[in-house]
Amino acid sequence: MDKLVIHGPTKLKGEVTISGAKNAAVAILPATLLIDGVCKIENLPNISDVKMYCKILQELGVKIKWITENEVEIDSRNINCTQAPLDMTSKFRASYYLLGALLGRCGTAEVGLPGGCNLGARPIDQHIKAFEALGAKVEVAQGKITAKVKKLVGNSIYMDIVSVGATINAILASVLAEGTTTIDNAAKEPHIVDVANFLNTMGADIRGAGTDVIKINGVKKLHGKASYSVVPDQIEAGTFMLAAVASRGNILIKNCIPEHLDCITAKILEIGGSVEDYGDSIRVSMNKRPNKAIVKTLPYPGYPTDLQPQIGVVLAIAEGTSTIHESIWESRFQYSFELNKMGAKITAQGKTAIFEGVKDLNGAPVYATDLRAGAALLIAGIIADGETQLYNIEHIDRGYEDIEEKFRSLGANIERVTEPDEK
Ligand code: EPU
């Protein structure tokens, strides 16, 4: 088991380049199942979730050729199986996209039920509602979901909840359906637009992605024969923006889309930081203790839940008392117990946490409870006095490419240590 050993405090300074978006990549990879041809995907983040997805696709008969560690050629012409390996998919949340993609391409799909996870209950009723609206029969039994249809036919789908996953799954299932599908109350995250752009590049007819009404005119076939580059990761960029603020540093964040970061920029300005926009990069700096703030997580373009723990670190050391309301996930404050071990004063109850700002954090042994909690605790270790040992970092490796290398290049003192497994 690896752990990160961090010696702080460090004011982060320098330049960092953002990788392709994890949450776009884990939707675009299964979307390649819809293509009766060969396509190339560039700017894929080199993270364990992407490697896992590629393994699952190979099990289904997809041929994958790595060109570089961020570029891959995918040949989905000869899919020979519609049953995704249960042991892999039931542990892997984004495996639910296999349902929409396999249903769309083959009319049948079997995927392990994505269990609850560290963020609390993660229902998939809206995904099922979308498949049923298109004519599929869906069964949930014995730890798996089975979906079957003779012919998918376009329909109107109204999402009762704004859901990233259900919106993407509804798109995947309707791209090759007969007729037109309309998704109302769709999610608008940048990775939804990216998945639609990818599919349109391969011959789909999807309009309105990025708004709350998406229209999909079914086409007969997706041709492949094209390259697509994954959008820069909004959440990785936001993580470095907040790391600059927490460490009172100055970071030039390259290869990002500043418009996707508006909600984070607004909060950083509110708490006293500075953000300069250069079109495809931004500079974030901070030269004093942050001001207190109230943060409420919301679907895009609101403040993202996936940057909630990272701003939690900033508010833990802010002047005065701050509040975070988490409105997406029921258990996203587990990191607060770890931050309190480092001297923070956070009281989390249900979906609200109160942060009584302290001047400094102190190094301590802490545990990443999920991906974004891990990123937040890494930032906390960088700004804390003394040594922090960060455990369970496999969560971080799922979603951040070269994270410790990137922080090291900004001046952080981080070492990855492999500890022998206990016998
Ligand atoms: N929901 C339902 N029913 C559904 C689907 C969702 O009630 O059928 C609820 C959820 O319980 C939640 C809300 O709707 O309260 C929003 O969930 P959503 O479906 O949008 O989340 P998701 O698609 O499962 C994606 C990201 C998450 C990110 C959320 C919210 C991927 C692979 N995952 O999850 O990313 O937090 O959107 O933006 O895209 C992460 O990257 O760390 C991460 C957890």
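Quantities reported herein were computed from a predicted structural model and do not represent experimental measurements. In listed order, ligands and their atoms are each counted from 1. What's counted below: heavy atoms across the whole structure, side chains too, no hydrogens, waters or symmetry copies.
At least one heavy atom of R332 sits less than 4.0 Å from an atom of ligand 1. Within the structure, the closest approach of A187 to ligand 1 does not fall below 4.0 Å when heavy atoms are considered. Contact between Y96 and ligand 1 is present, with at least one heavy atom of the residue lying under 4.0 Å from the ligand.
At least one N/O-N/O distance between G165 and ligand 1 falls below 3.5 Å. Some N or O of Q126 is nearer than 3.5 Å to an N or O of ligand 1, by distance alone.
When heavy-atom distances to ligand 1 are checked against a 4.0 Å cut-off, R93 has no atom that comes that close, whether in backbone or side chain. Contacts between S163 and ligand 1, counted as non-hydrogen atom pairs separated by less than 4.0 Å, involve both the backbone and the side chain. Contacts with ligand 1 closer than 4.0 Å are made by side-chain heavy atoms of I161 only, the backbone lying farther away. Here E330 has no heavy atoms under 4.0 Å from ligand 1, in either its backbone or its side chain. Heavy atoms of Y300 found under 4.0 angstrom from ligand 1: none, in either backbone or side chain.
Checking D233, V162, V164 against atom 25 (C) of ligand 1, the nearest heavy atom belongs to V164. When D160, D306, L307 are checked for heavy-atom proximity to atom 35 (O) of ligand 1, D306 turns out nearest.
The protein atom (non-hydrogen) at minimum distance from atom 32 (C) of ligand 1 is N23 OD1, 3.5 Å. Considering only non-hydrogen protein atoms, atom 10 (C) of ligand 1 sits nearest to W329 CZ3, 3.7 Å.
Salt bridge absent: D370 and R398 never bring a charged side-chain N and a carboxylate O closer than 4.0 Å. A salt bridge is defined here as a Lys NZ or Arg NE, NH1 or NH2 lying under 4.0 Å from an Asp or Glu carboxylate O, and E132 with K129 fails to meet this definition. Between E404 and R416 there is a salt bridge, since at least one side-chain N of the basic residue sits less than 4.0 Å from a carboxylate O of the acidic one.
Within 6.0 Å of the NZ atom in K341, the count of heavy atoms belonging to other residues, nucleotides or ligands exceeds 12. A 6.0 Å sphere centred on NZ of K351 holds more than 12 heavy atoms belonging to other residues, nucleotides or ligands. Other residues, nucleotides and ligands contribute more than 12 heavy atoms inside 6.0 Å of the CG atom of L269.
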* Asked: Passes salt bridge (Lys or Arg N to Asp or Glu O under 4.0 Å), R332 versus D306? Steps please.
  -> CA-CA 9 Å; R332 208 161 206 174; D306 293 345; 2.6 Å; yes
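Relative orientation of the H260 and Y300 rings is perpendicular, given thresholds of 30° and 60° on the angle between their planes.
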